[in-house]
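Can you keep this structure in mind? I'll have questions shortly.
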Amino acid sequence: MTRWLLLIPATVLAFVTMATAQSHPPEIWSKDEYPNPQKKPSECGRNNKISYICDPNKLLEPKEAAALDILIDDIRNHTKCPCSAYACRHKRQGFIVSIALAEGMQRPDDTDDDDELKLLNDAGLFASHLRGNSWKFGNCMESVVIFYSLRDNVVFTSTGQTAMIHLTNKHIVQISENTRRYFGKGRPLYKGLEKMLKEYRSVFKNSYGYRQANPSQHEHLPATPRASRSGANRLIAGSAILMATKFVMHLL
């Protein structure tokens, strides 16, 4: 009897410790420790709902994440299967877009915070690692990962080889330009992600028309941040050569 009484507090302590760890996720994430929303949705802030959105630091409201999930499902269910004819016999769904949000991303200790190219490269490595290694959504590299780090204020879209045939670097740069005013501390992140998803959907449905950003006259946002863009960059992840387009923003 005494042994059982001694074991119970230890069990409870272990449970409390685990629960506390899950309720206080790290603010700075490494790409290797970042969770998978399909396998560990609770660690992604999705309340055990299997999702294509990971938001462990709760940058979005629950209803906002749910609304983006609907958009992502629409893209997956209402775009054509881009894989081989054989693969599409068994897979009728189309492109898979997922979102990874973080308070901040882990960077090398010797990194110069003012070096935008290194910032872009670090964000690209993070996004491409998720897409090509730890998440691996899809069957024929038809997946897309949108990664955003709030502290670094960087947005990076990583596309698989099949997805990039449709969603080109030019598309991503233009769409990033159209949505950049929504990203940054104190800005409506949900609106930026929503607009980005809708425009990516238009691209995948072959209905996208290039256009300049045109803010609604009813929107009242802080001053638009400075933006820096670069072109395509090849990254090596395992045996796959990945193409990604980057977009970084710094507040004025």
Side-chain angles (χ1 to χ4, degrees), residues 7-79 90-106 123 126-139 141-152 155-158 160 163 182-183 187-198 200-201 204:
L7 285 173
I8 290 174
T11 303
V12 172
L13 179 61
F15 174 79
V16 171
T17 301
M18 291 176 63
T20 302
Q22 291 178 356
S23 61
H24 295 86
E27 293 186 353
I28 305 299
W29 288 92
S30 72
K31 61 183 184 296
D32 296 313
E33 295 178 350
Y34 195 82
N36 184 326
Q38 290 284 301
K39 296 180 179 179
K40 297 181 178 180
S42 60
E43 294 184 19
C44 283
R46 302 299 291 119
N47 296 323
N48 291 318
K49 179 186 183 299
I50 294 176
S51 172
Y52 284 100
I53 298 173
C54 192
D55 182 20
N57 300 117
K58 305 290 182 69
L59 302 187
L60 296 171
E61 295 292 333
K63 64 180 181 180
E64 293 175 336
L68 294 179
D69 260 329
I70 293 174
L71 264 176
I72 289 172
D73 287 343
D74 182 71
I75 294 172
R76 193 174 73 258
N77 294 322
H78 296 98
T79 55
H90 308 282
K91 175 190 179 307
R92 298 186 181 278
Q93 294 175 324
F95 297 92
I96 300 174
V97 181
S98 53
I99 296 174
L101 305 174
E103 180 72 25
M105 64 176 171
Q106 189 177 88
F126 198 113
S128 296
H129 175 81
L130 295 181
R131 189 191 58 74
N133 292 76
S134 61
W135 288 6
K136 290 185 177 179
F137 299 147
N139 300 314
M141 299 191 76
E142 78 276 30
S143 65
V144 174
V145 170
I146 301 170
F147 170 63
Y148 176 63
S149 172
L150 177 61
R151 289 190 184 182
D152 304 294
V155 174
F156 191 108
T157 295
S158 175
Y182 298 112
F183 293 88
R187 293 169 179 269
L189 175 61
Y190 166 73
K191 288 186 178 181
L193 293 171
E194 179 191 40
K195 185 173 179 62
M196 189 173 282
L197 287 174
K198 287 181 176 180
Y200 283 4
R201 179 178 61 185
F204 289 133

Those residues at least two apart in sequence (or on a different chain) that pass salt bridge (charged side-chain N to carboxylate O under 4.0 Å, His left out) with Lys39 are none
- request: Could you tell me which non-hydrogen atom of Tyr200 sits nearest to which non-hydrogen atom of Thr157, and how far apart they are?
  value: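 Answer, listing the atom of Tyr200 first, then Thr157: OH-OG1, 2.9 Å.
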Please confirm whether the backbone N or O of Ser149 pairs with a side-chain atom of Glu103, one donor and one acceptor, at under 3.5 Å? no
Exceeds 12 heavy-atom contacts within 6.0 angstrom, atom CG of Asn47: no
Problem set entry | Option among Ile75, Asp73, Asn77 that satisfies the side chain to side chain contact (heavy atoms under 4.5 Å, CB included) test with Gln93 |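 Passing option: Asn77.
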Does the side chain of Asp152 come within less than 4.5 Å of Phe126's, by heavy atoms?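 Result no, sub-4.5 Å side-chain heavy-atom pair not found.
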To the nearest 0.5 Å, atom CD of Glu27 lies from atom CG of Leu150 at 10.0 Å
Note to self: Tell me if a side-chain donor or acceptor on Thr79 pairs with a main-chain N or O of Phe95 at a distance below 3.5 Å.
What the structure shows: yes
(message) Surrounding NZ of Lys40 (heavy atoms of other residues, nucleotides or ligands, distance under 6.0 Å), is the total greater than 12?
(response)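 Count not over threshold, so no.
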*Got Lys31 and Asn133 here, is their nearest side-chain heavy-atom distance under 4.5 Å?*
no
Item checked: Pair Val144-Arg131, side chain to side chain contact (heavy atoms under 4.5 Å, CB included): steps then yes or no -> CA-CA 7 Å; Val144 174; Arg131 189 191 58 74; 5.8 Å; no
**Asked** Short question: side chain of Asn57, backbone of Leu59 - any donor-acceptor pair under 3.5 Å?
**Response** no
Report the C-alpha distance between Asp74 and Leu197 in whole Å, list the side-chain angles of each, state the deciding distance to 0.1 Å, and finish with yes or no for side chain to side chain contact (heavy atoms under 4.5 Å, CB included).
-> CA-CA 10 Å; Asp74 182 71; Leu197 287 174; over 6 Å; no
d(Leu130 CG, Cys54 SG) to nearest 0.5 Å is 8.5 Å
Are any non-hydrogen side-chain atoms of Arg201 and Val97 less than 4.5 angstrom apart?
no
Heavy atoms of Ile53 and Ala65 approach each other most closely as CD1-O, 3.3 Å
task = For Leu60 and Leu193, run side chain to side chain contact (heavy atoms under 4.5 Å, CB included): C-alpha distance rounded to whole Å, both residues' side-chain angles, the deciding distance at 0.1 Å, then the answer.
result = CA-CA 10 Å; Leu60 296 171; Leu193 293 171; 4.3 Å; yes
Quick one, Met105 and Ile28 - any side-chain contact, counting heavy atoms below 4.5 Å?
no
(request) For Ser143 and Ala163, work out which heavy atoms get closest and say how close. (result)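 Heavy atoms of Ser143 and Ala163 come nearest at O-CB, 3.8 Å.
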(Q) Could you walk me through whether Tyr52 and Arg76 satisfy the side chain to side chain contact (heavy atoms under 4.5 Å, CB included) test, starting with their C-alpha distance in whole Å, then the side-chain angles of each, then the deciding distance to 0.1 Å, before giving a yes or no? (A) CA-CA 11 Å; Tyr52 284 100; Arg76 193 174 73 258; 3.2 Å; yes
Heavy-atom nearest pair, Phe147 first then Ala123, reads CD2-O, 3.9 Å
ask   = Parallel, tilted or perpendicular: which fits the ring planes of Tyr34 and Trp29, with parallel below 30° and perpendicular above 60°?
value = perpendicular
**Under 3.5 Å donor-acceptor, Trp135 side chain and His129 backbone** =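 No.
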Between the CD1 atom in Ile96 and the NZ atom in Lys136, the distance rounded to the nearest 0.5 Å is 14.0 Å
Ser51 and Arg46 have their tightest heavy-atom pair at OG-NE, 3.3 Å
Q: Flag the pair Glu194 / Glu64 as yes when at least one side-chain heavy-atom distance between them is below 4.5 Å, and no otherwise.
A: no
Do Phe183 and Met196 make a side-chain contact, defined as non-hydrogen atoms from C-beta onward lying under 4.5 Å apart?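 Touching, per the 4.5 Å side-chain cut-off.
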